[in-house]
Number of protein chains: 2
Amino acid sequence: MENQRPLILITNDDGVTAPGIRALIDVMSQIGEVVVVAPDKPQSAMGHAITINSTLYINKISKEGAEILEYSCSGTPVDCVKIAVNEVLKRKPDLCVSGINHGSNSSINVIYSGTMSAAVEAGIEGIPAIGFSLLDYNWDANFEEAKPFIKKITLEVLEKKLPKDVVLNVNLPKLKTNEIKGIKICRQAKAMWQERFDKRTSPFGKEYYWLTGEFVNEDKGEDTDEWALANGYISIVPVQFDLTAHHATQQLNTWDWNE
Amino acid sequence: MENQRPLILITNDDGVTAPGIRALIDVMSQIGEVVVVAPDKPQSAMGHAITINSTLYINKISKEGAEILEYSCSGTPVDCVKIAVNEVLKRKPDLCVSGINHGSNSSINVIYSGTMSAAVEAGIEGIPAIGFSLLDYNWDANFEEAKPFIKKITLEVLEKKLPKDVVLNVNLPKLKTNEIKGIKICRQAKAMWQERFDKRTSPFGKEYYWLTGEFVNEDKGEDTDEWALANGYISIVPVQFDLTAHHATQQLNTWDWNE
C-alpha cells in the first residue's frame with residue numbers, strides 16, 4: 001500500500017494573488033496534497049499580529065472540483081495558519097510553507113516578517129514549517145530559478161524531520177539556478193534598520209510620515225545569512241520561538257531583586 | 001554637578017488613554033524625565049507589526065507647558081518606538097518601558113504581544129528596555145499594588161545595566177503588594193493557545209469567526225514564568241531578538257543540502 005501524500009498548508013504575507021505564492025503552489029503540488037489559506041490583501045511587515053478585536057472571514061476561492069483547495073482570509077498570516085488548522089483542514093498538516101515572499105526576510109527582518117511569523121505559528125502548533133523568501137521585491141520577480149532549490153529543501157525536511165520547536169527561514173538570492181553556489185545553514189546576522197521618516201504635508205495641511213529606512217549590517221561574520229546571500233548561497237536559519245535569553249540568566253540572578 | 005535625570009520613553013499597546021500606561025507614567029516620573037509616545041487606539045496582539053503600506057500621524061496631546069510630553073501615534077507599538085526615537089526625542093533615551101499591559105504577556109504571549117514588541121524594538125535599537133504586564137485584563141485593574149515593584153525593577157536596570165541585546169519581560173501577579181513573594185528570573189514556559197473559532201452568521205447571512213482559545217501549559221518546570229506567577233512571584237524573563245536556534249545548527253549541517 002502506498003503511503004498517503006503529505007498534506008501541505010501554504011500561506012504567505014503578500015496575499016493570495018501574489019506571484020510568489022503561485023510559484024510555491026506549483027512546487028508543493030509536485031510533492032503533496034496542497035491546501036492554500038492566505039491573506040486576501042497584502043500583509044507584509046505584520047509580524048506575529050493576530051486579529052482579536054475584529055471578526056475574521058474566509059472565502060473559498062478555488063472552483064468546485066479544483067484539485068487544489070484555496071481560501072482567502074481577511075486576517076493576518078498568523079490568523080491564516082490558525083484558522084486553516086482549526087476550521088479548514090480535516091487533519092493536522094504534515095508541513096506548512098509560507099511565501100515565496102517578494103523580498104528578503106534575512107537577519108532582523110525575521111521579526112517584522114508576516115511570512116516568517118506564519119511559519120513560526122505553525123511551529124508553535126507542532127507543525128514542521130518553512131518560510132521561503134526571494135531577494136527581489138518586484139511583483140513580477142522571477143521565481144522559476146528558485147524552484148529546484150525549494151523543492152529540494154522541502155523534500156529534505158519531509159524526509160529528515162526538523163529538530164523540535166525549530167522552523168526554517170530560507171532566503172534565496174536573486175540569481176539564476178546555475179549561479180547559486182549552494183545552501184548554507186546560517187545564524188541570523190546582527191543587523192538592523194536605520195529608520196528615516198519621510199515627513200510630508202497633506203493637501204489639508206496636516207503633517208504625516210512615511211516610515212522608510214536603510215538596512216545596516218555591521219556583522220562581519222561569515223556564518224551569517226547576510227554573508228551567505230551576498231556570496232551567492234541560499235541561507236537557511238533555524239528559528240526558535242523560545243525567546244528566553246538563557247545566557248543572561250546567570251548574570252541577572254546576581255542582581256538585588258529581593259533584598 | 002548633579003547627573004542628568006535619565007530620559008525615559010514610555011509606550012504601550014492598550015493605547016495612550018489606558019489606565020496601565022497612566023500608572024507607568026506615575027512611577028517613571030519619580031525616576032526620570034518622561035516622554036510618552038503611545039498608540040492612539042488599542043493595538044493589542046499586534047506583535048512586531050510595523051506600518052509600511054500607509055502613513056503615520058503623531059499628535060501632541062499634552063498641554064503647552066506640561067511637565068510630561070505626551071504624543072499619540074496612529075501606528076503600532078513598534079511604530080511608536082521608531083517614530084519617538086527618530087522624530088520626537090532630542091536624544092537617545094536611557095530607557096524604554098512599555099505597559100503596564102492589561103493582562104499577561106508570559107510564556108508564548110511574548111510573541112503576540114504589542115507591549116513586548118515595543119520593548120524588543122527598543123532593544124534592537126540599543127536602548128535598554130522593559131515590558132511590564134499585570135495579570136488582570138480589566139480596564140479598571142488595580143495597578144497600585146504593582147507600583148513599588150515596577151519602581152524597584154526599573155532602578156535596578158538603570159543601575160546595573162542590562163546584558164547586551166537583552167530586554168526584560170516582567171509579569172506581575174494580581175496580588176496585593178504584601179502578598180507578592182518576590183521576584184524571580186525565569187525562562188519562558190513552553191505553553192500555547194489552543195484555539196477555538198467561534199463561528200457566527202452576520203445579519204446579512206455571511207459566516208464569520210471570532211478567534212478565541214484556551215491557554216494550555218504542559219510545561220511543569222519550576223523555573224518558568226508560569227510557575228512563578230502561579231506561586232505568587234513576579235516573573236522576569238530575559239528576552240532576546242536573535243531568533244537563531246543555535247542548538248539546531250549542528251544537526252542541520254549533517255543533512256544532504258549540497259549533494
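In the text below, chain A, chain B and the rest are named by the order of the sequence lines, each starting its count at 1. This structure is a prediction, so every number in the text was calculated from the model and none was measured.
Side-chain contact between Lys190(B) and Asp165(A) is present, with at least one heavy-atom pair separated by less than 4.5 Å. Here the side chains of Leu211(A) and Asp79(B) are in contact, with some heavy-atom distance below 4.5 Å. Side chains of Thr55(B) and Tyr209(A) form no contact here, defined as non-hydrogen atoms less than 4.5 Å apart. Looking at Leu168(B) and Leu252(A), their side chains come closer than 4.5 Å, going by heavy atoms from C-beta outward. With contacts defined as side-chain heavy-atom distances shorter than 4.5 Å, the pair Lys160(B)/Thr254(A) does not qualify. In this structure, the side chains of Val81(A) and Glu195(B) stay at 4.5 Å or more apart for every pair of heavy atoms. Counting only heavy atoms from C-beta outward, the side chains of Glu121(B) and Ile111(A) never approach each other to under 4.5 Å.
Classification of the Tyr112(B)-His48(A) ring pair by plane angle, with boundaries at 30° and 60°, yields perpendicular.
In plain terms, the two heavy atoms of Ile52(B) and Ser44(A) that are nearest each other are CD1-CB, 4.2 Å. Across all their heavy atoms, Leu162(B) and Trp255(A) have their closest contact at CD2-CH2, 3.9 Å. Among all heavy-atom pairs drawn from Met46(A) and Ala49(B), the shortest one is O-CB, 3.3 Å. Heavy-atom minimum distance, Gln240(A) versus Gln240(B): NE2-NE2, 3.8 Å. Nearest heavy-atom pair, Val166(B) versus Ala245(A), reported as atom, atom and distance to 0.1 Å: CG2-CB, 3.7 Å. When all heavy atoms are compared, the tightest approach of Pro238(A) to Thr249(B) is CG-OG1, 4.2 Å.
Of the two parts of Val85(A), neither the backbone nor the side chain holds a non-hydrogen atom closer than 4.5 Å to a non-hydrogen atom of chain B. With a threshold of 4.5 angstrom between heavy atoms, Ile124(B) approaches chain A through its backbone and through its side chain. Heavy-atom distances place the side chain of Val120(A), and not its backbone, under 4.5 Å from chain B. Heavy-atom distances place the side chain of Val237(B), and not its backbone, under 4.5 Å from chain A. For Asn169(A), no part lies near chain B; criterion is any non-hydrogen pair under 4.5 Å. Using a 4.5 Å cut-off between heavy atoms, Lys161(A) touches chain B through its backbone atoms (N, CA, C, O) alone. If you measure heavy-atom distances from Ser54(A) to chain B, the contacts under 4.5 Å come from the backbone alone. Heavy-atom distances place the side chain of Val78(B), and not its backbone, under 4.5 Å from chain A. Of the two parts of Val157(A), the backbone and the side chain both hold a non-hydrogen atom closer than 4.5 Å to a non-hydrogen atom of chain B.
Of the residues considered (Thr212(B), Ile83(B), Asn53(B)), Ile83(B) shows the highest number of contacts with chain A, using heavy-atom pairs under 4.5 Å. With respect to chain A, the highest number of heavy-atom pairs below 4.5 Å among Trp193(B), Phe149(B), Tyr57(B) belongs to Tyr57(B). Ranked by non-hydrogen atom pairs under 4.5 Å with chain B, the options Gln43(A), Glu207(A), Lys82(A), His246(A) are led by Lys82(A). Heavy-atom pairs under 4.5 Å with chain A peak, among Val110(B), Thr76(B), Ile108(B), at Ile108(B). When each of Met192(B), Lys206(B), Lys164(B) is checked for heavy-atom pairs under 4.5 Å with chain A, Lys206(B) comes out on top. Top candidate by heavy-atom pairs under 4.5 Å with chain A, chosen from Arg187(B), Glu87(B), Gln251(B), Glu159(B), is Glu87(B).
With a 6.0 Å radius and a threshold of 12 heavy atoms from other residues, nucleotides or ligands, Glu218(B) has its CD atom at or below the threshold. Atom CD of Glu214(A) has 12 or fewer neighbouring heavy atoms from other residues, nucleotides or ligands inside a 6.0 Å radius.
Remark: side-chain polar atoms of Gln188(A) are paired, donor with acceptor, to backbone N or O of Phe241(B) under 3.5 angstrom. The backbone N or O of Ile183(A) sits less than 3.5 Å from a side-chain atom of Asn258(B), completing a donor-acceptor pair.
Rounding to the nearest 0.5 Å places CG of Asn253(B) at 10.0 Å from CD1 of Ile236(A). Here the CD-CD distance, from Gln194(B) to Glu125(A), works out to 8.0 Å after rounding to the nearest 0.5 Å. Distance OG1/Thr51(A) to CH2/Trp210(B): 10.0 Å, rounded to 0.5 Å. Lys199(B) contributes atom NZ, which lies 7.0 Å from atom CD1 of Ile58(A) (distance to the nearest 0.5 angstrom). Once rounded to the nearest 0.5 Å, the distance linking CD1 of Ile234(B) with CH2 of Trp257(A) reads 10.0 Å.
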Under the criterion side-chain contact (heavy atoms from CB on, under 4.5 Å), I'd like the reasoning laid out for Glu156(A) against Asp256(B): C-alpha separation, chi angles, the key distance, then a yes or no. CA-CA 8 Å; Glu156(A) 196 71 10; Asp256(B) 303 323; 3.7 Å; yes
